[in-house]
Amino acid sequence: MRLSCDIEVKPLTRVEGYGNISIRIRDGRVEEAKWEVVETPRFFEAMLAGRRCGDAPLLCGRICGICSVSHTLASIRAVENACGLVPSRQTSDLRLLLNHFETLQSHILHLYFLAAPDFLGQGSVFPLVKTHPDEVQRALRLKMLANDGCDIIGGRSVHPVRAVVGGFTVLPEKKQLSALRQRLETAAADLDATVELFAGFSVPDFTRETEFVSLKGEGEYPFIGGRLVSSDGVVKEEHEYLDMTNEYTVPHSTSKWTRLSRQSFAVGALARVNNNFAFLHPRARDAASFLGLAPVCHNPFMNNAAQVVECVHVVMDAVAIIDRLLAADPDDAAVRFEPREGVGVAALEAPRGVLYHAYEIDGSGRIRRADCVIPTGQNHANIYHDLAAFAESCAAKGMEDREIEHLAQVLVRAYDPCISCSVH
Amino acid sequence: MNESGRNIRPGGERNYLGVAVPRPRVAFLELTSCEGCQLQILNREAGLFDFLDLVEIADFREVMTERSEDYEIAFVEGCISRDDEVERLRSARERASQLVAFGSCACFGGVNQLVNRIGGHGRAGKVVYGDFPVDARGVSEPVSSFVQVDLFIYGCPVRKEEVEKIVTDLVLGRPVVYPSYPLCMECKAEENICLFDLGEPCLGPVTMAGCGAWCPGNRVGCWGCRGPARDANMEQLFAVMERHGFPADMVMERLECFGGFNRYLDRGSTGTG
Ligand code: SF4
Ligand code: SF4
Ligand code: SF4
């Protein structure tokens, strides 16, 4: 018998924010496959207008609790770019280190708390405390390390306070950095075990050719600022971000959608690994090969593997940054910042993909116009088209509807969508 | 503070200092928010599962698939900005014997309520979405505008230590007490350098203590995310600010940011409430 089914997942659980999946298949034909974003809008861009530009980072952090560091840092960079302020080497290093700890915290939360239960046959991390105590303890150790890192550099892990336009209000003590370095080194064993765990999960065999967008690595794996690249060969400067995003509205989403060379594109860990594989730390590349991840990978389920690879990379790179900071003579915590009229654009790799903040600042140092383009916003269209293609492939295989329902959720979850952030 | 109808039904028992105490069933509900307060629950990993062991989690959509509508305590994060949120909030109110406004978005509207000062969702929607229609109520409001709230946990974000203490008090039936004094007292006890001496503005003189002077401890002035201290002397705040050269509009921008001081601001005066 040819498959007919109606699948409604309303709302999807174990993701940040509210989104719905609906799939309708009749006689083996997909009539509808939809990803709906129903999160409530918050209008941050409108609220930013008229504010002092130095206050923007504090407000923008509140766009998202999980990636508050990225929003704060992107906001700071947009203001600094507008005002022609170039941060010190020490500040740049500390920002990158802070961003690394957030990437680690966000990826570990997603991998162990949100994604892993799907592969271990549970509905949440809570039963895993009993069935998989080692894995849960490991997740907590890694997450705690990441949060402590954010605390030590940023002053707190959600909505960092120390990172401001010009630099930092307080610097971490050298002995705190040394202690962090030690913990990062011992985390290597936990990371190896994480690689092994995820290598053991069976990943659905599904590919859909996709355009991947990220910052462009030039000498190193990129996180903060620089040029933009797509796997279809588009290269743009940071300030040309609008040519990379092309936002538009669709009726079934309170988040805007984006496109570039095709009907949709993807950002995030998989896009970064695909576009910048050569710049990964050698240990991260080893992890990738162990996980069966080689560029360019067009299987969206492999975003989980890409996050694991990035966990290895950021931990290794964090050690190198701390070494640099410990070896250098301490510089001033911050440089004085004088607001001035101008336009500033910041592109930054948040855990879920490239994030843009762009501000126009007036002569009195207030924001005239603000624009923020969120990673998950850029992924919505791709999730939508992936779901349709995936439903087709399931229907063609005559898969059971329960299995389709399960895998469709695993697919969307693999993107690690941050929905409330995309509807800012 | 928390006298109203505590009829927490046991969802299992656990021991506390040798005494059996009920494990209430709790739900986490999110409205318009950044989910940072929920994230705080998952932080402080060392004691995470001990803390979670105090309660039985019935619903926590962000991290679990099994969801139940049978619970006693509802932690509501976020403010109300759409009609369907009112419905979800009301149904949580019907189910829970204790409804907790969790974080400043829920308590005061949080940063979201800034939209009310620029013409509400209609005008802001035009700025962000152009002519694309946006489904929203017009203004962003705290949960107490719609249902009775039994307990407020302030902060943007909430402080996990405080949440742990409050939840423990709630479970053990102890009264929940907040500091009524201003942040400056806590800040001085921490021996921080006063931000005014560093040439920065700070709302510490009028803000409710309880966060451990989180921002001044990091050399950042307070923005009043926890709302006003009891008997907050606003006139004095404006005077202190003026003396240090901070214009009134700068003070207003801070006071309006999280919504906690709205009852002073909306009166259109800087006088004490
Ligand atoms: S109070 Fe602050 S941290 Fe909590 S949900 Fe609202 S914006 Fe996020
Ligand atoms: S820093 Fe702020 S909270 Fe601390 S004493 Fe000074 S005014 Fe009060
Ligand atoms: S210092 Fe002020 S702004 Fe900072 S957490 Fe405490 S109350 Fe909130």
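Computed from a predicted model, the values in this text were never measured in an experiment. All chains are named by letter (A, B, ...) in the order of the sequence lines, taking the proteins before the strands, and each is independently numbered beginning at 1.
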Give, as side chain, backbone, both or neither, the part of [X] having an atom under 4.5 angstrom from any heavy atom of chain B.
X	value
A/Ser68	neither
A/Leu140	both
A/Leu59	side chain
A/Arg369	neither
A/Leu109	side chain
A/Val158	both

Specify which of [options] makes the most heavy-atom pairs with chain B at under 4.5 Å.
options	answer
A/Gly65, A/Gly61, A/Gly50	A/Gly65
A/Val15, A/Asp371, A/Asp148	A/Val15
A/Arg141, A/Arg156, A/His159, A/Glu45	A/Arg156

Contacting moiety of [X], where chain A heavy atoms sit under 4.5 Å:
X	result
B/Leu198	neither
B/Asn116	neither
B/Glu85	side chain
B/Arg117	neither

Exercise for review: Flag the one option from B/His121, B/Lys126, B/Gln40, B/Arg123 with the top tally of heavy-atom pairs under 4.5 Å to chain A.
Suggested key: B/His121
Study note, to complete from the structure: Pair count under 4.5 Å, heavy atoms only, with chain A: among B/Ser81, B/Ser140, B/Cys156, highest is B/Cys156
Practice item. Flag yes if more than 12 heavy atoms outside B/Glu69 fall under 6.0 Å of its CD atom; otherwise flag no. Key: no
Review point. How about B/Glu242: does its CD atom have over 12 heavy atoms from other parts shown lying under 6.0 Å from it?
Key: no
Point to revise | Carboxylate-amine/guanidinium proximity below 4.0 Å for B/Glu256 and A/Arg51 | key: yes
Check your understanding: Does the pair A/Asp151/B/Lys160 count as a salt bridge with the N-to-O cut at 4.0 Å?
Key -> no
Point to revise | side-chain contact (heavy atoms from CB on, under 4.5 Å) between B/Asn43 and A/Gln105, worked out | key: CA-CA 10 Å; B/Asn43 288 344; A/Gln105 128 78 21; 4.3 Å; yes
Check your understanding: Which residues from residues 116-123 of chain A are near chain B, with near meaning under 4.5 Å between non-hydrogen atoms?
Key ->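 Those residues of residues 116-123 of chain A which have a heavy atom under 4.5 Å from chain B are A/Gly123.
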**Study point:** Residues from residues 162-173 of chain A approaching chain B under 4.5 Å (heavy atoms)
**Key:**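 Against chain B, the residues of residues 162-173 of chain A that fall inside the cut-off (heavy atoms, under 4.5 Å) are A/Arg162, A/Thr169, A/Val170.
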Check your understanding: In residues 212-223 of chain B, which residues are in contact with chain A at a heavy-atom separation under 4.5 Å?
Key ->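 Within residues 212-223 of chain B, the residues under 4.5 Å from chain A are B/Trp214, B/Cys215, B/Asn218, B/Arg219, B/Val220, B/Trp223.
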Review point. So do B/Glu35 and A/Ile66 actually touch side chain to side chain, heavy atoms under 4.5 Å?
Key: no
Practice item. Taking the side chain as every heavy atom from C-beta outward, state whether A/Arg42 and B/Val115 have any pair of such atoms under 4.5 Å apart. Key: no
**Study point:** Within residues 103-116 of chain A or reaching into it, pairs that qualify as salt bridge (Lys or Arg N to Asp or Glu O under 4.0 Å) - sequence neighbours excluded
**Key:** none
Review point. Taking it one step at a time, do B/Met64 and A/Val125 satisfy side-chain contact (heavy atoms from CB on, under 4.5 Å)?
Key: CA-CA 7 Å; B/Met64 65 197 275; A/Val125 72; over 6 Å; no
Practice item. Step by step, work out the side-chain contact (heavy atoms from CB on, under 4.5 Å) result for B/Asp249 and A/Arg52. Key: CA-CA 11 Å; B/Asp249 65 334; A/Arg52 286 164 212 272; 3.4 Å; yes
Practice item. I would like to know whether A/Arg62 and B/Leu114 meet side-chain contact (heavy atoms from CB on, under 4.5 Å); could you show each step before the answer? Key: CA-CA 12 Å; A/Arg62 270 77 185 179; B/Leu114 280 173; over 6 Å; no
Point to revise | A/Phe126 CZ to B/Ile57 CD1 distance, which is reported to the nearest 0.5 Å | key: 4.5 Å
Review point. Can you tell me how far the SG atom of B/Cys257 sits from the CG atom of A/Asp55, to the nearest 0.5 Å?
Key: 8.0 Å
Exercise for review: Identify the two heavy atoms, one from A/Ala46 and one from B/Ala124, that lie closest to each other, and give their separation to 0.1 Å.
Suggested key: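 Closest approach of A/Ala46 to B/Ala124, heavy atoms only: CB-CB, 3.7 Å.
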